[in-house]
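These notes are about the structure you will find just below.
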Amino acid sequence: MAADKLTSRSEDFSEWYNQIVLKADMADYGPVRGTMIVKPYGWKLWENIQGALNSRFQATGVENAAFPIFIPQSFLTKEAQHVEGFAPELAIVTHGGGKELAEPIVVRPTSETVIGDAYSRWIQSFRDLPVLINCWNNVVRWEMRTRIFLRTMEFYWQEGHTAHATAAEAEERTLMMLDAYTDFSVNEAAVPVVPGLKSNNETFPGADSTYTIEAMMGDGKALQSGTSHNLGQNFAKAFDIKYLSEENEREFCWTTSWGVSTRFIGAIIMTHGDDNGLIMPPRLAPIQVVVVSIFKKAKEKEAVLPVAQRIFDELKAAGIRVKLDDRENMSPGAKYYEWEMRGVPVRVEIGPRDVQKESAALARRDIPGRDGKSFVPQENIVAQVQNLLDTVQAALLKRATDFREDNTHDVTDYAGLKTAVQTGWARGWWAGSDEDENIVKQETKATLRCYPIDQPEGEGVCFYTGKPATRVALFGRAY
RNA sequence: CGGGGCGUAGCUCAGCUUGGUAGAGCGCACGGUUUGGGUCCGUGAGGUCGUCAGUUCGAAUCUGGCCGCCCCGACCA
């Protein structure tokens, strides 16, 4: 019996996405509009993301800390651009303990202000610099339209905040974290990204410059998957973050902030998933391998279970995140469909025939059905599974990268852009103004995703204005 | 905030036009049967029909208000 089938990606990508989040047991809707409940399977993925990012942060000297979720409303108004950018989407607490508050409290939409205030007290001398702190927390933004993981009113993320003595050091840190994000995304999540600089229009409120990693989803749309901001001296001036230099001069600090959110889970789903469900990249997968035992009669069960258990134990001892599915009253086929929906990258099947032949069936999630199955000896199963996990990891990255390349088109005129952004991204020389950018957005729904870090040599002609252009921009429709 | 759709069992929905004892499938529990790609049969548990008011002898059904959710646009990690 075909159980309730997943809507296909080609039929309705949005509906496919919504269903997969629920069916793969990642998350559920919260009782308040636009909020989500992250279920254990989704949270485990998030924890693995945290682990991969934390190790990269710590390698650059960043330490974790925690700041309050409540911020005095007055803080938000101190930086002009910042207040303009965030005022419309603030959740504000006006009552506490049954009484109206003297000053309303803002639920943090991001922590630049409260951290800036702390830094102004902590930093006295050039010897106190740099300050390198990261926070894993939740933030609230009163969004008009929400989508689970991609845009929820409350979401989880990390926000790193650093303070430096010089502009050069702040820029170096901004790019260093952009590199960390790129490395994480490509090598852990197998999500290929284009690192680049945001246009003026898309720059974070209060930043001098914003860098981004842009990923192409399975429907050709772009998802901003991480950002790194060079805040210049804007927040230092607003919050009076000063230090005394070696020359005994009072100087404003240069600060940065950078973040990756639970939105990244959406990126993983929409990059790798297929019509059978989710596909987890092995390096981040909550469950990397599931061992499915197959038996009919009690006698077969007696023979199969110990072998399945032994293989499970061996894989676990090797540090692989493995689960043994020994559920009875459930046919093997039903189990396969379930684990495919949940995106487990490798499945090991052990049945009576395998016990007899000392073999096992290995199935890889990225190639569904019989084509992705191989029958191997049980001997050396750990190495074979590890090998297959690596193979799947590499195959996912290659498939996503090929897809992105196939759907990114170099354009030399506006018509070319219009065609390209129907199905993917347009890349071309750009010398347009902020206003030109808005017109393109209005007419095509495509936005300037970034000026890629990786630029071609020389100069060109702007595909829109015909003016000489010094850099290439990437355009696409975005989430 | 504009446009659209929907609130009935855990989930997906039927019933509403034409008011009269609350339904199905899936899921769940139990028993049996089956198990190498979504087994089958039986038994059973489970619902103040979003909410408030109105019309009526009688409302899931008709009328109005309110609340909520989803989708599409403008805004955004």
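Convention: sequence-line order gives letters A, B, ...; per-chain numbering from 1. Not measured: the values here are computed from a predicted model. The analysis underlying the following values was restricted to heavy atoms, covering all of them including side chains, and did not include hydrogens, waters or symmetry mates.
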Before accepting this row, confirm whether a basic side-chain N of the pair A/Asp117/A/Lys78 lies closer than 4.0 Å to the acidic partner's carboxylate O.
no
Return the nucleotide paired to [N]: Watson-Crick means purine N1 to pyrimidine N3 with N6-O4 or O6-N4, wobble means G-U with N1-O2 and O6-N3, both under 3.5 Å.
{"N": "B/C66", "answer": "B/G50"}
{"N": "B/G19", "answer": "none"}
{"N": "B/A9", "answer": "none"}
{"N": "B/U33", "answer": "none"}
{"N": "B/A45", "answer": "none"}
{"N": "B/G73", "answer": "B/C1"}

Can you tell me, in whole Å, how much space there is between the [atom1] of [N] and that of [M]?
{"N": "B/U21", "M": "B/A60", "atom1": "C1'", "value": "14 Å"}
{"N": "B/U34", "M": "B/C16", "atom1": "P", "value": "43 Å"}
{"N": "B/U12", "M": "B/G27", "atom1": "C1'", "value": "11 Å"}
{"N": "B/U51", "M": "B/G68", "atom1": "C1'", "value": "10 Å"}
{"N": "B/C67", "M": "B/C52", "atom1": "C1'", "value": "10 Å"}
{"N": "B/U63", "M": "B/U56", "atom1": "P", "value": "16 Å"}

Is it true that [X] and [Y] have ring centroids separated by less than 6.0 Å?
{"X": "A/Phe155", "Y": "A/Trp157", "value": "yes"}
{"X": "A/Phe239", "Y": "A/Phe75", "value": "yes"}
{"X": "A/Trp425", "Y": "A/Phe475", "value": "no"}

Is the closest side-chain donor-acceptor distance between [X] and [Y] under 3.5 Å?
{"X": "A/Asn276", "Y": "A/Glu340", "value": "no"}
{"X": "A/Arg449", "Y": "A/Thr447", "value": "yes"}
{"X": "A/His161", "Y": "A/Ser257", "value": "no"}
{"X": "A/Asn134", "Y": "A/Glu159", "value": "no"}

Return the 5'-most residue of the pair A/Met153, A/Gly369 with respect to RNA chain B, ranking by each residue's nearest nucleotide.
A/Gly369
On RNA chain B, compare the nucleotides closest to A/Ala334 and A/Trp157; which residue's is nearer the 5' end?
A/Ala334
At under 4.0 Å between heavy atoms, what does [X] touch on the DNA or RNA strands: base, sugar-phosphate, or nothing?
{"X": "A/Arg327", "value": "nothing"}
{"X": "A/Thr227", "value": "nothing"}
{"X": "A/Phe155", "value": "base"}
{"X": "A/Thr212", "value": "nothing"}
{"X": "A/Gly351", "value": "base"}
{"X": "A/Gln224", "value": "sugar-phosphate"}
{"X": "A/Leu223", "value": "nothing"}

Which nucleotide sits closest to the side chain of [X]: [options]?
{"X": "A/Lys296", "options": "B/U35, B/A77, B/G36", "answer": "B/U35"}
{"X": "A/Lys441", "options": "B/A77, B/C75, B/G36", "answer": "B/C75"}
{"X": "A/Tyr336", "options": "B/A77, B/G37, B/C75", "answer": "B/G37"}

Decide yes or no on side chain to side chain contact (heavy atoms under 4.5 Å, CB included) for A/Tyr464 and A/Glu437, but give the supporting numbers first.
CA-CA 10 Å; A/Tyr464 184 76; A/Glu437 198 182 313; over 6 Å; no
Report yes or no: is there a donor-acceptor pair, N or O only, under 3.5 Å between the side chain of [X] and the base of [N]?
{"X": "A/Lys373", "N": "B/G36", "result": "no"}
{"X": "A/Arg370", "N": "B/G36", "result": "no"}
{"X": "A/Glu340", "N": "B/G37", "result": "yes"}

Near RNA chain B, which residues from residues 68-84 of chain A have a heavy atom under 4.0 Å away?
none
Using a cutoff of under 3.5 Å, can you pull out all pairs of nitrogen or oxygen atoms linking the protein to nucleotides 69-73 of chain B, with atom names and distances?
| from | atom 1 | to | atom 2 | distance (Å) |
| --- | --- | --- | --- | --- |
| B/C69 | OP1 | A/Arg33 | N | 2.1 |
| B/C71 | OP1 | A/Asn18 | ND2 | 3.1 |
| B/C72 | OP2 | A/Arg145 | NH2 | 2.3 |
| B/G73 | OP2 | A/Arg145 | NH1 | 3.1 |

Over 60° means perpendicular and under 30° means parallel, so tell me whether A/Phe235 and A/His82 are parallel, tilted or perpendicular.
perpendicular
Is there a side-chain contact between A/Lys357 and the phosphate of B/G36, meaning an N or O under 4.0 Å from OP1 or OP2?
no
Test ring-ring contact (aromatic ring centres under 6.0 Å, His included), reference A/Trp258, set A/Tyr211, A/Phe184, A/Phe57, output is A/Phe57
Set of side-chain hydrogen bond (donor to acceptor under 3.5 Å, both in side chains) partners for A/Arg364, sequence neighbours left out:
A/Asp366
Taking the six-membered ring for Trp, does A/Tyr337 stack with B/G38 (centroid gap under 5.5 Å, planes within less than 30°)?
yes
